[in-house]
Amino acid sequence: MIGNDIIAILEQIAATASRNDKEAILAKHARDPLLRRVLTYAYDPFRTYGLKKLPKVAKRGEGQKFIGDEGPIWAVFDALAGGVRGAKAEKLVSDWLTLLDGDNATLFERILLKDLRCGISEKTINGVIPGLVPNFACMLAHKFQAKRIKRWPVRADIKEDGFRVLGFVQIGRTGADGTIYDEKVGFFSRSGKPYTTMDHLKAPLLEAVKKLCADWQSGHFASDIDTRYVRHTNATLDGLRVVVESEVVSNDSFAETSSALRKKDGVAEGASMLVFDVVPMSLFDGDDQSNPDLGDYKVRHRLVAELIKRVPVGAKIQHMPSYLCGSEEELMALYERVRARGKEGIIVKPLDGIYERKRSYSWLKIKAEETVDLVVKGAYEGEGKYQGMLGGLLCDFEGVEVRVGGGYSDEERKEFWRLYQHDLKAAEAWGCVGEPLLLGTLVEVEYHETTPDGSLRHPRFVRRRLDKPVADGPGAGIELEAA
DNA sequence: TACCGACAGTGGGGTCGCAAT
DNA sequence: ATTGCGACCC
DNA sequence: CACTATCGGTA
């Protein structure tokens, strides 16, 4: 196949809204090497190209093409993925854009933007061609709904406002089949990106896991641990290859933690690792999202406790506090207590819950939601499927401009954009906004919390408040943004 | 038949590194 | 030194 | 992180 064929396939996939049809088209061409390479280069999250806006060039009608899955063009992607940036990168891209013909240039652009624009992504692709696109997944929570709780009591873990860190810990050992497993520890984010600022926690964590496994295999405390889990951990290497699930916080502030963890050549000295789960690493090896044989949360919670007991003194590795709750009332009372202690909220987990490598209704998060009414100061257009309608509203929050870009229905995006255009025209015609339809009106905005800069974290539109008078009178304080 | 779970695709504040200015 | 962009975290 | 829209399997 050549690039033109790939574009034709992408058009076919884009043309149908049916997910089954998209999958069928993918399946039909699943063996084509060019398609496979295109899908991988576009959707592998570990390949980034450093360009979100592509250089404009005068395209030729006829020119170079993608031919099969080989050729010099792939070196361009590899160079960008390898870190080539700036003018050098821009020249590479614009040179190729002038060489490629129309379809092939389009394909080139879509891969670089990491969006083939046909309504498929890593999940659908891997569903049809298992393992084609590299990915990483860990367990995540849904918003709390009481009806999701099937049995009481539940365990409520504290939810810290920090960073999810998964520690992959492997103890050096020769396996039954002779495979040699190195001794190593790696820290990763919830999307599988490595953290480099917590190397000082590797040795103590490794030490704790080693002791845990030694005591485990000597039958030290295994008698009261779920037999399924013991069988797995003793009969396989899983006990020596574990993933330690934690939240890392530093200096009691999300911004501080963010700064400490992102520094390129830094050590997050103040970082505390709050461990809330331990899972056999084998669960992360294959495509399976879960394995009921790997123990329920009762077992894993106990394992975390045993692990933490074996952490060398002084190392900032602790057990995330958690509490048993027997009713919804107890949950809410606990939530209020932890909020009063400055924590973000709680994560509710069933005692018999298995670890699932996906967003699961088994974990339910409760966190703060605040509401405020804001004056609309401006608006901006959306992108992609929201072109020609509202992208978001510019709102005033105590003198700080907050962009509110989510929460609208598609109908509201169209309507608000119309109203905004009307207000702009009126202002142009009369030099002022006479009776504005959108500008100067109130909208209710929900958010998580205020930020240190005085803005809103996670702002989203709830509804208009035309029923409520604007504090300073209708249309007060309107300034149209400069063109 | 009506509901709901999984996906895709929009959008936010804030932090860093890097390249251009 | 400052600014803007891209990648990531939430 | 937050949200909405859609398809298609389930209840």
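This structure is a prediction, so every number in the text was calculated from the model and none was measured. Computed over heavy atoms, backbone and side chain alike; hydrogens, waters and symmetry mates excluded. By convention in this document, chain letters (A, B, ...) are assigned in the order of the sequence lines, proteins followed by strands, and residues within each chain are numbered from 1.
For A:Y386 and A:A141, each mapped to the nucleotide of DNA chain D holding its nearest heavy atom, the one lying further toward the 5' end belongs to A:A141. Of the two residues near DNA chain D, A:F461 and A:N20, the one whose nearest nucleotide lies more 5' is A:F461.
The side chain of A:S121 has B:dA8 as its nearest neighbour among B:dA8, D:dC1, C:dA7. Here the nucleotide nearest the side chain of A:F254, chosen from D:dA5, C:dC9, D:dC3, is C:dC9. The listed nucleotides are C:dC9, B:dC4, B:dA8; the one nearest the side chain of A:R262 is C:dC9. Closest to the side chain of A:D161, out of D:dC1, B:dG5, C:dC10, is C:dC10. When each of B:dC4, D:dC7, C:dC10 is scored by its nearest atom to the side-chain atoms of A:A17, the top-ranked nucleotide is D:dC7. Taking the side chain of A:P459 as heavy atoms from C-beta on, and the options B:dG12, B:dG17, C:dA7, the nearest nucleotide is B:dG12. When distances are taken from the side chain of A:R19 to each of D:dG8, B:dG12, C:dA7, the shortest belongs to D:dG8. The side chain of A:K264 approaches B:dG17 more closely than any other nucleotide in the set B:dG13, B:dG11, B:dG17. When each of D:dA5, B:dC16, D:dC3 is scored by its nearest atom to the side-chain atoms of A:D410, the top-ranked nucleotide is D:dA5.
Using a 4.0 Å heavy-atom criterion, one finds that A:Y408 contacts the sugar-phosphate atoms exclusively. Among the atoms of the strands shown, only primed sugar atoms or phosphate atoms (P, OP1, OP2) are found under 4.0 Å from some heavy atom of A:G382. Contacts of A:F397 with the nucleic acid, taken as non-hydrogen atoms under 4.0 Å apart, are absent. Residue A:S191 is in sugar-phosphate contact alone, with no base atom involved, counting any heavy-atom pair closer than 4.0 Å across all strands shown. Among the atoms of the strands shown, none is found under 4.0 Å from any heavy atom of A:K22. Contacts of A:L261 with the nucleic acid, taken as non-hydrogen atoms under 4.0 Å apart, are absent. Within 4.0 Å of A:G406, counting heavy atoms only, lies no atom of the nucleic acid at all. Nucleic acid contact for A:R359: sugar-phosphate only, since backbone atoms but no base atoms lie under 4.0 Å from a heavy atom of the residue.
Rounded to whole Å, the distance from CG on A:L51 to P on B:dC18 is 16 Å. In this structure, OH of A:Y361 is placed 8 Å from C1' of B:dC4, rounded to the nearest angstrom. Following rounding to the nearest Å, A:E247 (CD) and C:dC10 (P) show an atom-to-atom distance of 7 Å. Between the CD atom of A:E344 and the C1' atom of C:dC9 there is a distance of 13 Å, rounded to whole Å. Straight-line distance from the CG atom of A:L80 to the P atom of C:dA7: 10 Å, rounded to whole Å. One atom, CG of A:L390, and another, C1' of B:dG9, lie 16 Å apart when rounded to the nearest Å. A:D115 has its CG atom 18 Å from the P atom of B:dC7, to the nearest Å. Atoms NZ (A:K114) and P (B:dA8) sit 14 Å apart, rounded to a whole Å.
Put simply, A:K367 has a side-chain N or O that comes within less than 4.0 Å of OP1 or OP2 on D:dA2. OP1 or OP2 of D:dC1 has at least one side-chain nitrogen or oxygen of A:R190 nearer than 4.0 Å. Checking the phosphate oxygens (OP1, OP2) of B:dA8, no side-chain nitrogen or oxygen of A:K123 falls inside 4.0 Å. Between A:S259 and B:dC16 there is a side-chain N or O to OP1 or OP2 distance below 4.0 Å. The phosphate of B:dC7 has neither OP1 nor OP2 within less than 4.0 Å of any side-chain N or O from A:T124. Distances shown here put a side-chain N or O of A:S189 below 4.0 Å from the OP1 or OP2 atom of C:dC9. Checking the phosphate oxygens (OP1, OP2) of B:dC16, a side-chain nitrogen or oxygen of A:K263 falls inside 4.0 Å. The side chain of A:R460 places an N or O atom within less than 4.0 Å of a non-bridging phosphate oxygen (OP1 or OP2) of D:dC3. Between A:K385 and D:dA5, a side-chain N or O to OP1/OP2 separation shorter than 4.0 Å is absent. Remark: A:R403 is not in phosphate contact with B:dG14, judged by side-chain N or O atoms under 4.0 Å from OP1 or OP2. OP1 or OP2 of D:dC1 sits under 4.0 Å from a side-chain N or O of A:K365. Put simply, A:S258 has no side-chain N or O that comes within less than 4.0 Å of OP1 or OP2 on C:dC8. Contact annotation: A:R117 reaches the phosphate of B:dT10 (side-chain N/O to OP1 or OP2, under 4.0 Å). Residue A:R85 has no polar side-chain atom (N or O) positioned under 4.0 Å from OP1 or OP2 of B:dA19.
Annotation: cation-pi pair A:R148/A:Y361 present, NZ/CZ under 6.0 Å from the ring centroid and within 45° of its normal. For A:R464 and A:F416, the positive end sits near the middle of the six-membered ring, less than 6.0 Å away and at most 45° from its axis.
Here the CG-CG distance, from A:N126 to A:D287, works out to 7.0 Å after rounding to the nearest 0.5 Å.
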Just list the side-chain donor-acceptor pairs under 3.5 Å for residues 386-407 of chain A, sequence neighbours left out, or say none.
unit_1 : atom_1 : unit_2 : atom_2 : d
A:D396 : OD1    : A:G399 : N      : 3.1

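Applying the Watson-Crick and G-U wobble criteria (two distances, each under 3.5 Å), B:dA20 pairs with C:dT2.
Salt bridge status for A:D467 with A:R465: present, with a side-chain N to carboxylate O gap under 4.0 Å. Between A:K349 and A:D277 there is no salt bridge, since no side-chain N of the basic residue sits under 4.0 Å from a carboxylate O of the acidic one.
Minimum interatomic distance between A:H422 and A:L437 (heavy atoms only, all atoms of both residues): ND1-CD1, 3.3 Å.
A:Y49 and A:R47 form a side-chain donor-acceptor contact under 3.5 Å, judged by distance and modelled atom types alone.
Shown here are the side chain to side chain contact (heavy atoms under 4.5 Å, CB included) partners of A:K123, two or more places apart in sequence or in another chain: there are none.
With hydrogens and angles ignored, no donor-acceptor pair closer than 3.5 Å exists between the side chain of A:R164 and the base of C:dC9.
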